[in-house]
Amino acid sequence: MTILVTGGLGFIGSHTAIELIESGHEVIILDNLINSKLEVLDKLFEITGKRPIFYQIDVTQQAALEEVFQSHRFDGAIHFAGLKAVGESVAKPLEYYYNNLVSTMVLSKLCLKYGVNKFVFSSSATVYGDQISPMREDMPLQRTTNPYGETKAMSERILMDTASVNPDFSVCLLRYFNPVGAHDSGLIGEDPNGIPNNLMPFVTKVAKKELDTLSVFGDDYDTIDGSGVRDYIHVVDLARGHLAAIEKMGPGVSIYNLGTGRGTSVLELVEAFTRVNNVVVPYEVVARRDGDIATSYADPTKAEEELGWSAQKDIEDMVGDAWRFEQQNK
Ligand code: NAD
Ligand code: UD1
């Protein structure tokens, strides 16, 4: 298949491009480089031996995007392009609603116009809100606590409504849990700008002594050791979930959790990082972070049954690969 990958130079998109190329698909990448670097394209070539066609385009710009649709015949689109920092979304709501919603609408409009009938969307476990884990795809969605989360819930709704009146248009909503890790080549991984908000990139910066101490946000949750529990998933497993989705998605709308089904606490992750990488991660327990929930992990059964996909990598692989990338690339 020929697959359009928006946001394909970013963290998850670049790993997915590798899996698609290595499975024989042709990949065309669009990215405006707002949160990624052009050199990722060279890394994709180094890893796969193929250099995907790349357009530096903002997906919200319909005229520019339409020229790409006129130049290629796509069998499907995977839409990663989006802004993803929760805190920034609270400070800049209009930027987040505009970028994430307009990009989804413009892309789906052109997919309909040019007969591109498979649309895979990057959603998030954040749409479940604070419910009892394991999260299942048929749970009612809860209002999220920030504009970023709302853009995911709203994009899901926009795509479902669009699919319901366009029977040929198939939509697959993938709800990611907590993506971490890096490609085992050590060439690509997560490279956030500035001080990271998410746990794993913060831990790698502390291990590298670029930051002094990890703040553990709360040790009084009702969890195994009081710290927050999440379902960390290796980005390569996540990428393979997209390959399975685009190859096997059926008609209409399908929704899948992409998680491991296992919860790991903050303190367990720090312990695994220290043990596997033999490096010290100084930490201190501080107050809970606003908007955090105690526990979030997936029920991944549906993806296993319908897509034949399940996560294969464990927390040791995740902390090992994250550290290798940090050491090799910065
Ligand atoms: P990322 O920031 O590394 O990748 C997103 C890419 O999209 C970047 O390369 C960025 O330059 C590009 N982009 C953003 N807006 C664009 C636009 N208007 N036009 C063209 N390119 C644009 O993020 P990621 O971690 O790879 O996430 C990919 C998707 O998955 C995002 O939609 C994100 O919200 C979603 N998601 C991520 C996580 C996570 O923890 N990483 C969790 C759940 C969902
Ligand atoms: C966050 C977002 C979520 C988004 C996801 C992936 C919030 C409230 N939620 O999820 O919408 O989909 O990222 O991008 O921001 N922690 C620390 N110290 C740190 C950082 C994190 O103790 O410095 C803890 C958190 O309290 C949490 C766990 O580590 O228990 C994971 O945090 P994080 O990596 O930020 O992901 P989420 O909060 O699950």
Side-chain angles (χ1 to χ4, degrees), residues 5-16 29-38 40 55-61 64-65 78-87 89-90 95-96 98-100 102-104 106-107 121-130 144-146 148-149 151-152 155 174-180 188-193 195-203 205-206 211 213-219 221 223 227-233 235 238-239 242 258 263-267 269-270 283-297:
V5 180
T6 75
L9 296 188
F11 175 45
I12 306 169
S14 58
H15 287 82
T16 302
I29 292 179
L30 302 187
D31 204 302
N32 65 359
L33 303 180
I34 195 166
N35 197 37
S36 54
K37 299 188 179 82
L38 195 54
V40 171
Y55 294 94
Q56 185 173 342
I57 278 180
D58 189 314
V59 181
T60 63
Q61 303 292 313
L65 190 57
I78 309 183
H79 182 35
F80 294 103
L83 299 174
K84 64 164 183 175
V86 172
S89 80
V90 175
E95 263 181 45
Y96 271 69
Y98 188 86
N99 191 67
N100 292 2
V102 174
S103 64
T104 301
V106 167
L107 183 65
F121 177 67
S122 297
S123 189
S124 166
T126 195
V127 299
Y128 290 116
D130 190 2
T144 61
T145 53
N146 55 76
Y148 164 75
T151 69
K152 293 300 174 190
S155 292
L174 299 179
R175 294 178 180 158
Y176 313 156
F177 280 70
N178 288 59
V180 295
I188 58 166
E190 192 171 12
D191 189 10
N193 295 327
I195 296 182
N197 298 304
N198 295 119
L199 179 62
M200 184 72 96
F202 203 104
V203 167
K205 298 274 180 225
V206 172
L211 295 169
T213 311
L214 169 72
S215 295
V216 174
F217 297 142
D219 67 351
Y221 287 108
T223 62
S227 64
V229 165
R230 297 290 183 274
D231 186 342
Y232 298 96
I233 174 166
V235 65
L238 191 66
H242 292 74
L258 296 183
T264 302
S265 75
V266 176
L267 295 175
L269 186 140
V270 171
Y283 68 84
E284 62 177 340
V285 175
V286 301
R288 293 179 178 192
R289 179 173 68 179
D290 274 355
D292 271 355
I293 63 175
T295 299
S296 164
Y297 61 92

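Just so you know, ligand 1 is whichever comes first in the structure, and atom 1 is the first atom listed for that ligand.
- The shortest N or O to N or O distance between Phe11 and ligand 1 is below 3.5 Å.
- Nearest to atom 24 (P) of ligand 1 among the protein's heavy atoms is Lys84 NZ, 3.8 Å.
- When only interatomic distances are considered, the shortest N/O to N/O separation between Asp290 and ligand 2 does not fall below 3.5 Å.
- In summary, the atoms of ligand 1 found under 4.0 Å from a heavy atom of Ser36, numbered by their order in the structure, are 8 (C), 9 (O), 11 (O).
- In terms of N/O distances under 3.5 Å, ligand 1 is not approached by Ser124.
- Listed by atom number, the atoms of ligand 1 under 4.0 Å from Val59 heavy atoms are 17 (C), 18 (N), 19 (N), 20 (C).
- Considering Gly82, Pro201, Ala64 only, the shortest heavy-atom separation from atom 14 (C) of ligand 1 involves Gly82.
- For atom 4 (O) of ligand 1, the nearest non-hydrogen atom from the set Ser123, Gly10, Gly149 comes from Gly10.
- Of the heavy atoms in Lys152, only side-chain atoms (C-beta onward) come closer than 4.0 Å to ligand 1.
- For Tyr176, no nitrogen or oxygen atom sits less than 3.5 Å from a nitrogen or oxygen atom of ligand 1, counting backbone and side chain alike.
- If you number the atoms of ligand 1 from 1 as listed, the ones under 4.0 Å from a heavy atom of Ser122 come out as 29 (C), 30 (O), 32 (O), 35 (C).
- Between Asp31 and ligand 1 there is a heavy-atom distance shorter than 4.0 Å.
- Only the side chain of Asn178 comes within 4.0 Å of ligand 2, judged by heavy-atom distances.
- Residue Ile12 has at least one N or O atom closer than 3.5 Å to an N or O atom of ligand 1.
- Considering only heavy atoms from C-beta on, Thr295 stays 4.5 Å or farther from Tyr221 through its side chain.
- Ligand 2 lies less than 4.0 angstrom from a heavy atom belonging to Arg230.
- Assignment of Pro179 to the shell around ligand 1 is supported, since a heavy atom sits closer than 4.0 Å.
- Using a 4.0 Å cutoff on heavy atoms, Gly149 does not count as a contact of ligand 2.
- Heavy atoms of Thr6 come nearer than 4.0 angstrom to ligand 1 in no pair at all.
- Summary of contacts: the protein heavy atom closest to atom 29 (C) of ligand 1 is Phe80 O, 3.2 Å.
- The closest protein non-hydrogen atom to atom 13 (N) of ligand 1 is Asn32 OD1, 3.4 Å.
- For ligand 1, the polar-atom distance check against Ala81 finds no nitrogen or oxygen pair separated by under 3.5 Å.
- Among all non-hydrogen protein atoms, the one lying nearest atom 34 (O) of ligand 1 is Tyr148 OH, 2.9 Å.
- Taking every non-hydrogen atom of Asn99 and a distance limit under 4.0 Å, the qualifying atoms of ligand 1 come out as 15 (N), 17 (C), 18 (N).
- Of all the listed residues (Phe177, Tyr176, Phe202, Tyr148), Tyr148 holds the heavy atom that lies closest to atom 4 (C) of ligand 2.
- Centroid-to-centroid, the aromatic rings of His242 and Tyr176 come within less than 6.0 Å.
- For the pair Ile57 and ligand 1, a heavy-atom separation below 4.0 Å is found.
- Neither the backbone nor the side chain of Val229 has any atom closer than 4.0 Å to an atom of ligand 2 (non-hydrogen atoms only).
- Of the candidates Phe217, Tyr283, Tyr232, Tyr232 brings a heavy atom nearest to atom 28 (C) of ligand 2.
- Within the 4.0 Å heavy-atom shell around ligand 2 one does not find Tyr221.
- Every atom of ligand 1 with a heavy atom of Leu33 under 4.0 Å away is listed here by number and element: 11 (O).
- Checked by distance only, ligand 1 and Ser103 stay at 3.5 Å or farther apart across all their nitrogen or oxygen atoms.
- Looking at ligand 1, you won't find any N or O of Leu30 less than 3.5 Å from one of its N or O atoms.
- Closest to atom 34 (O) of ligand 2 by heavy atom, among Val127, Val203, Leu199, Val180, is Leu199.
- The closest heavy-atom contact to atom 11 (O) of ligand 2, among the options Thr126, Thr145, Thr223, Val286, comes from Thr126.
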